[in-house]
Visitor: 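Mind looking over this structure? Questions follow.
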Amino acid sequence: MIPNRSSYYLTTPIYYVNDVPHLGTAYTTIAADVMARYRRMSGHDVVFLTGLDEHGQKIEQAATAAGYTPQEWVDKLAPAFKETWEMLGISYDIFMRTTSDEHRRAVQEFARRLYDSGDIYSGSYEGWYCVPDEAYWAPGDLDMEDVGDGKEDAVPNCPDCSRSLQFVREKNWFFRLSNYADFLLQWYADNPQALQPETRRNEILSFIRSGLHDLSISRANVKWGIPLPWTEGTDDAQTMYVWFDALINYLTGIGFGADDEASAAEFAYRWPAQVHYVGKDITRFHCIIWPAMLYAAGLPLPQQVFAHGFLLTKGEKMSKSKGNAKTPRELVERLGVDGYRYYFLRDVVFGSDGSISDEAMVQRFNGDLANDWGNLVSRLFSMVGKYCDEVVPAYVGDPLTEGAEGAVLRDIADGLFEQVEDAYNRFDYSGALKEIWELVRAANRYLEDSAPWGLAKNADSDLEAAARLANVLYSALEAVRTIALFTAPTMPATADEVMSRLELSPATTVVDLQREAQWGQLPAGNKVTKGDPLFQRLDV
Ligand code: MSP
C-alpha cells in the first residue's frame, strides 16, 4: 500500500534558452528536484516539469546577432540545459520546449478561449518595454526623472534589471487584466498559502491595490512567436507576447490542448499544480497575470507559488551580465554533485536572498559532509569490519524497549519524519537538513561515549561486553540507514551509495519513507562494505 497516492505536480520556470544554465537557474531547479524526490519517497504520484522558454524578441535578436535562424539557435542551445540537469541529478519528468507543436496548439486554444469570452480586445500600446526581461513597464513604475517627458528622447532603465528600455508604439491585442483585480485580492485573502513567502504576497497585494492595467498580449513586429490565431495569415498578423506563451507551458506539459481522451484525462487529474517554483523577480507574472489568465479561461488556479530569493556574491545579485557568475560545472568539479546540492539548500534559507562564497562552501563541505556524515560512515563501517566480520550484528534483546541500548538515537530518529515533513511543507530545506544533522551528530557522540573499541577488547571473554558491542554498532548502523533515507532527496547518489554498502535497496526508490524509517528494521547479517570516504576533505 502506498500512502498519499495523489498527484503532485510541480514546476520550475522555463528558462530562456539564450543563456547557458547558471547557478541561479540551477538553484531553482535543484530545490524543485529535492521536493520532487521527497514527495515521491512519501508516495505521491509526482510529475516534475522544467523546460525552455524559446520565443520572443530577446531570442530573435540573439539568434540574428549570432547568424542563425531562431529555430537553429534554440536547437543548438537546448542540449546544454539537459546536460546540466543530468549532471546535477535533476529527476524531471517533462522537459517542455515552447517551440513544440503541442505547445503552439495549447497556446492557440487558450488564446481562443479568452478571445471568445470577450477577454481580449484590440487597442494600441505606447510605452516602455524591457527586452532582456521581456516585460512592459507602466510610467508609474519608472523613475520619472529618467523618463524625461515620457517619450523616446530620454531612455529610462528597467526598474528590475537596470538595462535600457525600448520605446514601443504599436497596435496590439490586450487582455482585460484590470477586470480581475478584485478577484485576485479575494483569491489571496481566501488562500494565503497561494503565494509564499508572506513578504512576496504583501508586495503582490500592494501592487494589485495600486491598480492593474490591461496587458498587451501580442507583438506586431516580433516574428519569432506563436501566431495569434485570429490574425494568422492576415496583413495584421501578430505573435503572442512571450510571457503569455510561456506561462501556458505549465498546461501543455500535462495534456492541455491535445485532442485525445488520454491527454484530457491526464490534464483533469494533474491540474491544478501543487506548486510553481519561481524566483522573486518573476512573481508578478506568476501571481497576477497567470491566475487572471486561468480564471478568465475557466481553469482552476495553482495551489501555490513559492518565490525564492536571489543568490548574492559579495552582496550583489549574481548574474552573467555582472560577470560574477560561476558555472554549475566549476562547482561540481570541486564539491561533487551532492556536495553542491547540499551547500545551496543548507546554507541559503529558501525564500530569502542568500550570500554564497567559496569560504562558506568549503566550511560546509568539510564540516557537515566530510567530518560529520562522511566520518561517521567510515569509522563505523571500519569498526563493523574489524569487530563483526563485516556484517550487521544481531541486536541482543529488543531495540524498541524503553531505555534499550541506542535509545538516544532511536528517540531522535522517531521524531525525524514529522519534523522533516513539516519543514518540507514550509519549503524549509535548510531546516530539514538541520534536523537530520541532529541525528548525524548524535550518532558521532554516541560512538565516542560508548567506545566500541573498549568493548571489543573484552568481547571474547565477557558476554555482556559482547552484547553491548553488538547493540552499539547495530544502533549506530541503524542511525546511518535512517540518515541515508532522509538525506536521499538532497544527496541521492550518496544516500544510495550508503544503502548499497549496507546491502540495502536504494533510498531513492522508497515510496513510504515514514514506514521505512521506523527504527529497528536493518537486517542482521547484511554485509557492510567500508568503501572509500564519501567526501574527500577540501583544501582551504
Ligand atoms: N523565461 C522566464 C520564465 C518563464 S516561466 C513561465 C525566465 N527565465 S530565466 O532564464 O531568466 O530564469 C529565471 C529564473 O532563474 C528565475 O526564477 C530567476 O529568479 C532565477 N535566477 C536568475 N538569477 C538568479 C540568482 N542570482 N539567484 C537565484 N535565482 C535567480 O525568467
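In this chain, residues are counted from 1 in sequence order. Note that ligands are numbered from 1 as they come in the structure, with each ligand's atoms numbered from 1 the same way.
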Visitor: Looking only at distance, does Val278 have an N or O less than 3.5 Å from an N or O of ligand 1?
Guide: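 The answer is no, given that Val278 and ligand 1 share no N or O pair closer than 3.5 Å.
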
Visitor: Ring centres under 6.0 Å, that's the criterion: do Trp230 and Trp173 meet it?
Guide: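 Distance test on ring centres: under 6.0 Å, yes.
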
Visitor: With Arg219 as the cation and Tyr129 as the aromatic partner, state whether NZ or CZ is under 6.0 Å from the six-membered ring centre and within 45° of the axis.
Guide: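 Relative to the ring axis of Tyr129, which defines the angle, Arg219 lies inside both limits.
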
Visitor: Checking the side chain of Gln61 only, and the main-chain atoms of Val131 only, is there a donor and an acceptor separated by less than 3.5 Å?
Guide: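 Judged by distance alone, no pair lies under 3.5 Å.
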
Visitor: Any chance CZ of Phe95 has more than 12 other-residue heavy atoms, nucleotides or ligands included, within less than 6.0 Å?
Guide: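 For Phe95, atom CZ is crowded (more than 12 foreign heavy atoms under 6.0 Å).
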
Visitor: Any atom of ligand 1 sitting under 4.0 Å from a heavy atom of Glu134?
Guide: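 Glu134 does not count as a contact of ligand 1 under the 4.0 Å cut-off.
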
Visitor: Take atom CG of Asp101 as the centre, draw a 6.0 Å sphere, and report whether it contains more than 12 heavy atoms from other residues, nucleotides or ligands.
Guide: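 Incorrect, the count does not exceed 12.
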
Visitor: Are any of the N/O atoms on Tyr16, whether in the backbone or the side chain, positioned under 3.5 angstrom from an N/O atom of ligand 1?
Guide: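 For ligand 1, there is an N or O atom that lies under 3.5 Å from one belonging to Tyr16.
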
Visitor: Any idea which part of Phe285 is under 4.0 Å from ligand 1, heavy-atom wise: side chain, backbone, both or neither?
Guide: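 The answer is neither; Phe285 stays 4.0 Å or more away.
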
Visitor: Pairs of nitrogen or oxygen atoms closer than 3.5 Å, one from Pro13 and one from ligand 1: do any exist?
Guide: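 N/O-N/O distance under 3.5 Å: no.
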
Visitor: Judging by distance only, is a nitrogen or oxygen of Lys280 under 3.5 angstrom from one on ligand 1?
Guide: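 No.
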
Visitor: Which ligand 1 atoms, with their elements, are less than 4.0 angstrom from a heavy-atom of Tyr250?
Guide: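 Near Tyr250, the atoms of ligand 1 are 5 (S), 6 (C).
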
Visitor: Going by an N to O cut-off under 4.0 Å, is there a salt bridge joining Asp93 and Arg40?
Guide: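 So Asp93 pairs with Arg40 through a salt bridge.
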
Visitor: Within a reach of under 6.0 Å around CZ of Phe183, are more than 12 heavy atoms found that belong to other residues, nucleotides or ligands?
Guide: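 It does: Phe183 CZ has more than 12 such atoms within range.
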
Visitor: Does the structure place the NZ or CZ of Lys58 under 6.0 Å from the centre of the six-membered ring of Tyr16, at an angle of no more than 45° from the ring's axis?
Guide: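 Ring-cation test returns yes.
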
Visitor: Just heavy atoms, cut-off under 4.0 Å: does Leu311 contact ligand 1 by side chain, backbone, both, or neither?
Guide: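 Both backbone and side chain.
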
Visitor: From atom 19 (O) of ligand 1, work out which of Ile248, Asn18, Asp281 has a heavy atom at the shortest distance.
Guide: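 Residue with the shortest heavy-atom distance to the ligand atom: Asp281.
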
Visitor: Phe207: which residues meet the ring pair (Phe, Tyr, Trp, His ring centres under 6.0 Å) condition with it, sequence neighbours left out?
Guide: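 So Phe207 forms no ring pair (Phe, Tyr, Trp, His ring centres under 6.0 Å) with any residue.
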
Visitor: Testing Leu301, Ile248, Val305 one by one against Trp290 for a side chain to side chain contact (heavy atoms under 4.5 Å, CB included), which residue passes?
Guide: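 Single pass found, and it is Ile248.
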
Visitor: Near Gly309, which atoms of ligand 1 are under 4.0 Å from a heavy atom of that residue?
Guide: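 Per the distance check, 28 (C).
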
Visitor: More than 12 heavy atoms of other residues, nucleotides or ligands under 6.0 Å from CD of Glu203: yes or no?
Guide: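 Enclosed.
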
Visitor: Looking at non-hydrogen atoms alone, which of Glu54, His22, His286 comes nearest to atom 22 (C) of ligand 1?
Guide: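 Nearest heavy atom to atom 22 (C) of ligand 1 lies in His22.
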
Visitor: Relative to the heavy atoms of Thr25, which atoms of ligand 1 are at a distance of less than 4.0 Å?
Guide: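 Reading through ligand 1 atom by atom, the close ones are 12 (O), 15 (O).
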
Visitor: Which atoms of ligand 1 have any heavy atom of Tyr15 under 4.0 Å away?
Guide: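 It comes down to these atoms of ligand 1: 8 (N), 10 (O), 12 (O), 14 (C).
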
Visitor: In terms of atom number and element, which parts of ligand 1 are under 4.0 angstrom from non-hydrogen atoms of Asp53?
Guide: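 Near Asp53, meaning under 4.0 Å from one of its heavy atoms, ligand 1 has 1 (N), 2 (C), 4 (C).
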
Visitor: Check Tyr277 against ligand 1 and report side chain, backbone, both or neither, counting heavy atoms closer than 4.0 Å.
Guide: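 For Tyr277, no heavy atom sits under 4.0 Å from ligand 1.
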
Visitor: Which atoms of ligand 1 sit under 4.0 Å from any heavy atom of Ile282?
Guide: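 What qualifies from ligand 1 is 16 (C), 17 (O), 31 (O).
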
Visitor: Please list, in number order, the atoms of ligand 1 under 4.0 Å from a heavy atom of Ala246.
Guide: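 Going through ligand 1 atom by atom, the ones under 4.0 Å from Ala246 are 6 (C).
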
Visitor: Give the atoms of ligand 1, by number and element, whose distance to some non-hydrogen atom of His308 is under 4.0 Å.
Guide: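 In order of number, 28 (C), 29 (N).
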
